[in-house]
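Below is one structure; the comments refer to it alone.
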Amino acid sequence: MGRSSKDKRDIYYRLAKEEGWRARSAFKLLQLDHQFNLFSGVNRAVDLCAAPGSWSQALSRKLRGREEEVKIVAVDLQAMAPLPGVTQIQGDITKVSTAKEIIRHFEGQPANLVVCDGAPDVTGLHDVDEYIQAQLLLAALNITTHILTPGGTFVAKIFRGKDVTLLYSQLKIFFSSVTCAKPRSSRNSSIESFVVCQNYSPPEGYIPNMSNPLLDQSYDVDFNQLEGSNRVIVPFLACGDLSAFDSDRTYPLQLDASKEYEYIPPTQPPIRPPYEQACHFRKHNLLSREDAPPISPTHSQEEQEP
Ligand code: SAM
């Protein structure tokens with residue numbers, strides 16, 4: 001696929017480059033903020049699963065410059081290029097050491113906003129993808145219970161699969177308000193949505209525990225079958241300005257008749273993306289060879305695909 005045909009395919013991908021965002025997902029957080037006023041009064045924010053960094057960028061652009069001191073921490077397994085006012089932790093969100101490092105950076109203070117756009121590498125097997133995404137969301141919830149202040153907000157990507165009610169039930173244990181939201185920039189064809197969990201209020205006596213009691217629990221109850229007042233109903237909200245671009249539509253390359261289309265390169269390619277090795281093999285025609293040499297760990301950036 002040529003460069004311009006990729007641009008034609010996705011309007012938010014193009015807008016991201018025009019506005020200098022590292023990824024199109026920035027618009028998802030911005031549209032969620034537009035709907036829920038997420039950034040109001042926030043001075044300590046955590047971006048879980050942050051690379052390549054467009055959500056951290058949005059936090060940095062929106063929160064900094066206020067009178068009070070603002071601290072933003074971004075966590076990812078992968079390294080990402082630096083961003084103004086954002087401290088990076090290259091770590092795993094399932095580890096208690098990561099929670100401790102975040103709190104250390106906040107000098108013992110808890111965060112008032114935790115966001116997580118985490119996603120495992122998609123396998124294409126829907127049940128497996130949904131299961132892994134659910135585990136990652138629960139891991140994010142788990143670390144959030146260590147670092148979020150009572151009354152704080154947690155936002156996370158969720159796949160609305162058949163067992164989503166179980167996740168809602170678990171989130172409702174910790175937050176008085178849970179809403180499922182779909183920003184305009186998230187494709188309708190995608191199972192992805194975002195849970196916006198407000199007013200963190202853990203059960204009395206709850207002690208955060210990284211062994212993940214939520215994940216390890218064996219449930220006798222089928223949460224999807226609960227009925228009446230026992231069933232957790234989470235409101236669903238389509239959000240973002242209705243005049244915003246539709247992520248499922250294809251737009252012409254020349255949006256503005258007065259300006260000629262010009263290709264803009266991506267703002268910041270990922271530093272060491274997981275697909276790096278596959279790109280290297282393809283470039284050197286090694287994909288189909290069983291004896292393909294292992295890629296060296298110092299494999300240079302120039303060898304990456306654009
Ligand atoms: N929100 C990001 C942005 O706007 O640029 C995009 C996030 S990307 C869709 C998902 C990220 O989740 C990947 O960078 C991946 O490394 C990270 N991730 C997955 N599992 C993780 C884990 N256990 N700990 C930390 N990061 C993780």
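Just follow the structure's listing: the first ligand is 1, and inside any ligand the first atom is 1.
Residues Leu63 and Ala45 approach most closely at CD1-CB, 3.9 Å, considering heavy atoms. For the residue pair Gln254 and Arg14, the shortest heavy atom distance occurs at N-NH2, 4.4 Å. Residues Val196 and Ala181 come closest through the heavy atom pair CG2-CB, 4.4 Å. Closest approach of Asn199 to Gly151, counting heavy atoms only: OD1-CA, 3.4 Å.
Every atom of ligand 1 is numbered from 1 in the order shown, and the set under 4.0 Å from a heavy atom of Pro52 is 5 (O). Atom numbering of ligand 1 starts at 1 in the shown order; those under 4.0 Å from a heavy atom of Asp92 are 22 (C), 23 (N), 24 (N). Near Gly53, meaning under 4.0 Å from any of its heavy atoms, are these atoms of ligand 1: 3 (C), 5 (O). The ligand atoms of ligand 1 that sit less than 4.0 angstrom from a heavy atom of Asp117 are 1 (N), 2 (C), 6 (C), 7 (C), 9 (C), 10 (C).
Crowding of Tyr251 atom OH: a count of heavy atoms from other residues, nucleotides or ligands under 6.0 Å exceeding 12. Remark: Glu68 CD is packed, more than 12 non-hydrogen atoms of other residues, nucleotides or ligands lying under 6.0 Å away.
The shortest contact between atom 27 (C) of ligand 1 and any protein heavy atom is with Cys49 SG, 3.4 Å. Ranking protein heavy atoms by distance to atom 24 (N) of ligand 1, first place goes to Ile93 N, 3.1 Å. In this structure, the protein non-hydrogen atom closest to atom 14 (O) of ligand 1 is Asp76 OD2, 2.9 Å. Of the protein's heavy atoms, Ala119 N, 3.6 Å lies nearest to atom 10 (C) of ligand 1.
Using the six-membered ring where Trp is involved, Tyr200 and Phe175 have ring planes that are tilted, between 30° and 60° apart.
The shortest N or O to N or O distance between Thr94 and ligand 1 is not below 3.5 Å. The shortest N/O to N/O separation between Ser54 and ligand 1 falls below 3.5 Å.
For the ring-ring contact (aromatic ring centres under 6.0 Å, His included) criterion with Trp55, the lone passing option out of Phe194, Phe39, Trp21 is Phe194.
Heavy-atom proximity to atom 26 (N) of ligand 1, evaluated over Val75, Leu29, Leu77, is greatest for Leu77. Compare Ser25, Ala51, Ala23 by their heavy atoms: the one nearest to atom 6 (C) of ligand 1 is in Ala51.
For Phe174 and Tyr206, the ring centers are positioned less than 6.0 Å apart.
Residue contacts with ligand 1 include Gly91, since one of its heavy atoms falls under 4.0 Å from the ligand. Under the 4.0 angstrom criterion for non-hydrogen atoms, Pro120 is not in contact with ligand 1. Residue contact annotation: Arg22 has no non-hydrogen atom under 4.0 Å from ligand 1. Ligand 1 has no atom lying under 4.0 Å from any heavy atom of Ala26.
Under the 4.0 Å criterion applied to side-chain N and carboxylate O atoms, Asp248 and Arg187 are not assigned as salt-bridge partners.
Relative to the six-membered ring of Phe27, Arg24 misses at least one condition, a distance below 6.0 Å or an angle of at most 45° to the axis.
Residue Ala50 touches ligand 1 through its backbone alone, judged by heavy-atom distances below 4.0 Å.
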